[in-house]
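Computed from a predicted model, the values in this text were never measured in an experiment.
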Amino acid sequence: MEFGSPRAIKQPEKREKKTFIWEGLSSTLFHLFEFAEIIDEYLEKTDSRLIILSNETIVLNKFYRKPLRTKEAIDRKFPRSKVRIQFHPWNVQTLLDKSREADVAIIPLNLGDNIALYKPENKLLIMLSLGLPALVSPIHSYSRT
C-alpha cells in the first residue's frame, strides 16, 4: 500500500484545541472553501490549526489558464485564522508526516455539487488507514463506510 500499514485510529482528546488536516487537488478546494467562514471562526476561537495539502496553484478551468497561487486563495478565504493554517504541497511523504500531527481529518463536500454526491469513499479510507478519525459530509459512500 502506498501509505504503509494501517495505523490505529487516534482517540479523541478532551481539549478544544485541535489540529485538522485536509488534502486534495486544488481543483477541489472549493468544497473546503464552502465551509471557510465556519472553519475560520472555529480555528480562531479555539486556537486550533488546519493543515492543507494540495497543488501549489489552482487552474480554474481550461479556458482561464492563469493559475492562482493556492496559498493566496487560502489566505483570502480564512482571513481570521490564516496564521493557524499550514499549507504544504501534496506528496505522499508530506501526507504521512503531517497526518501524524493531526487529530482529525476533514472531508467537507458542497452538497449542491451533484458530482460530489457520488464521490467514492477512497479519501475517507485513506484517512482512516492513517489513523485519523474524520469529519465528513453526509453522502452515501461515506455513511456506508
Side-chain angles (χ1 to χ4, degrees), residues 2-4 7 9-143 145:
E2 187 175 18
F3 301 106
R7 300 181 200 156
I9 302 288
K10 293 180 180 181
Q11 296 303 308
E13 295 184 23
K14 293 185 186 232
R15 59 180 166 78
E16 217 176 34
K17 186 177 180 176
K18 300 267 187 238
T19 298
F20 298 92
I21 190 168
W22 180 93
E23 68 87 28
L25 294 171
S26 61
S27 60
T28 63
L29 270 167
F30 73 94
H31 290 291
L32 179 66
F33 291 167
E34 182 75 19
F35 300 90
E37 191 174 322
I38 295 163
I39 294 169
D40 198 31
E41 182 180 331
Y42 181 84
L43 294 176
E44 181 184 50
K45 178 181 161 192
T46 63
D47 195 29
S48 293
R49 66 188 180 117
L50 172 61
I51 299 167
I52 297 175
L53 292 98
S54 190
N55 333 30
E56 292 188 71
T57 57
I58 302 169
V59 176
L60 299 177
N61 61 47
K62 66 181 181 179
F63 303 108
Y64 185 79
R65 294 213 176 264
K66 181 180 178 194
L68 174 64
R69 307 249 339 127
T70 302
K71 178 66 172 128
E72 292 171 15
I74 291 167
D75 288 349
R76 279 196 300 248
K77 289 292 184 177
F78 298 94
R80 295 165 60 179
S81 62
K82 63 184 171 188
V83 297
R84 293 175 180 82
I85 295 176
Q86 296 178 4
F87 170 74
H88 300 277
W90 193 101
N91 66 60
V92 171
Q93 191 58 53
T94 304
L95 177 59
L96 291 170
D97 294 344
K98 295 302 174 183
S99 68
R100 287 183 178 93
E101 295 177 24
D103 299 300
V104 178
I106 56 172
I107 311 172
L109 296 172
N110 176 341
L111 298 179
D113 177 356
N114 289 331
I115 294 173
L117 298 178
Y118 297 100
K119 183 173 180 23
E121 59 275 328
N122 59 334
K123 187 182 287 197
L124 174 57
L125 293 172
I126 289 168
M127 292 302 167
L128 293 172
S129 75
L130 292 172
L132 292 169
L135 293 172
V136 300
S137 293
I139 63 172
H140 180 68
S141 61
Y142 290 167
S143 63
T145 303

Would you say the side chain of T46 lies within less than 4.5 Å of the side chain of K18, judging by non-hydrogen atoms?
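No; the side chains remain at least 4.5 Å from each other.
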R69 versus T57: any side-chain heavy-atom pair under 4.5 Å?
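Yes, side chains in contact.
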As an exercise, state the distance from [atom1] of [X] to [atom2] of [Y], rounded to the nearest 0.5 Å.
{"X": "K77", "Y": "I85", "atom1": "NZ", "atom2": "CD1", "value": "12.5 Å"}
{"X": "F87", "Y": "E56", "atom1": "CZ", "atom2": "CD", "value": "5.5 Å"}
{"X": "I21", "Y": "R49", "atom1": "CD1", "atom2": "CZ", "value": "9.5 Å"}
{"X": "I58", "Y": "L25", "atom1": "CD1", "atom2": "CG", "value": "11.0 Å"}
{"X": "L132", "Y": "R100", "atom1": "CG", "atom2": "CZ", "value": "10.5 Å"}
{"X": "M127", "Y": "E121", "atom1": "CE", "atom2": "CD", "value": "14.5 Å"}

Stepwise side-chain contact (heavy atoms from CB on, under 4.5 Å) check, S137 with H31
CA-CA 10 Å; S137 293; H31 290 291; over 6 Å; no
Listed pairs under 3.5 Å, donor-acceptor, residues 102-116 side chains, sequence neighbours left out:
unit_1	atom_1	unit_2	atom_2	d
D103	OD1	R15	NH2	3.1
D103	OD2	R15	NH2	3.4
D103	OD2	T19	N	2.7
N110	OD1	G112	N	2.7
N110	ND2	E34	OE1	3.2
D113	OD1	I115	N	3.1

Might you point out which heavy atoms bring [X] and [Y] nearest each other, and give the distance in Å?
{"X": "D47", "Y": "R84", "result": "OD1-NE, 3.2 Å"}
{"X": "K119", "Y": "I139", "result": "O-CD1, 3.7 Å"}
{"X": "R76", "Y": "P79", "result": "O-CD, 3.6 Å"}
{"X": "F20", "Y": "S48", "result": "CE1-CB, 4.2 Å"}
{"X": "W22", "Y": "S54", "result": "CZ3-CB, 4.2 Å"}

Between the main-chain N or O of K82 and the side-chain N or O of D75, is there a donor-acceptor pair closer than 3.5 Å?
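No, D75 side chain to K82 backbone: no donor-acceptor pair under 3.5 Å.
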Carefully, step by step, assess L95 and L130 under the rule side-chain contact (heavy atoms from CB on, under 4.5 Å).
CA-CA 9 Å; L95 177 59; L130 292 172; 3.9 Å; yes
Mind running side-chain contact (heavy atoms from CB on, under 4.5 Å) on L50 and Q86 for me, showing each step along the way?
CA-CA 6 Å; L50 172 61; Q86 296 178 4; over 6 Å; no
If you look only at distance, which donor and acceptor atoms sit under 3.5 Å apart when one is on a side chain in residues 37-44 and the other is two or more places apart or in another chain?
unit_1	atom_1	unit_2	atom_2	d
D40	OD1	R80	N	3.4
D40	OD1	S81	N	2.8
D40	OD1	S81	OG	2.4
D40	OD2	R80	N	3.1
Y42	OH	E16	O	3.3
E44	OE1	R80	NE	2.7
E44	OE1	R80	NH2	2.6

Intermediate values then yes/no, side-chain contact (heavy atoms from CB on, under 4.5 Å), K98 and E23
CA-CA 10 Å; K98 295 302 174 183; E23 68 87 28; over 6 Å; no
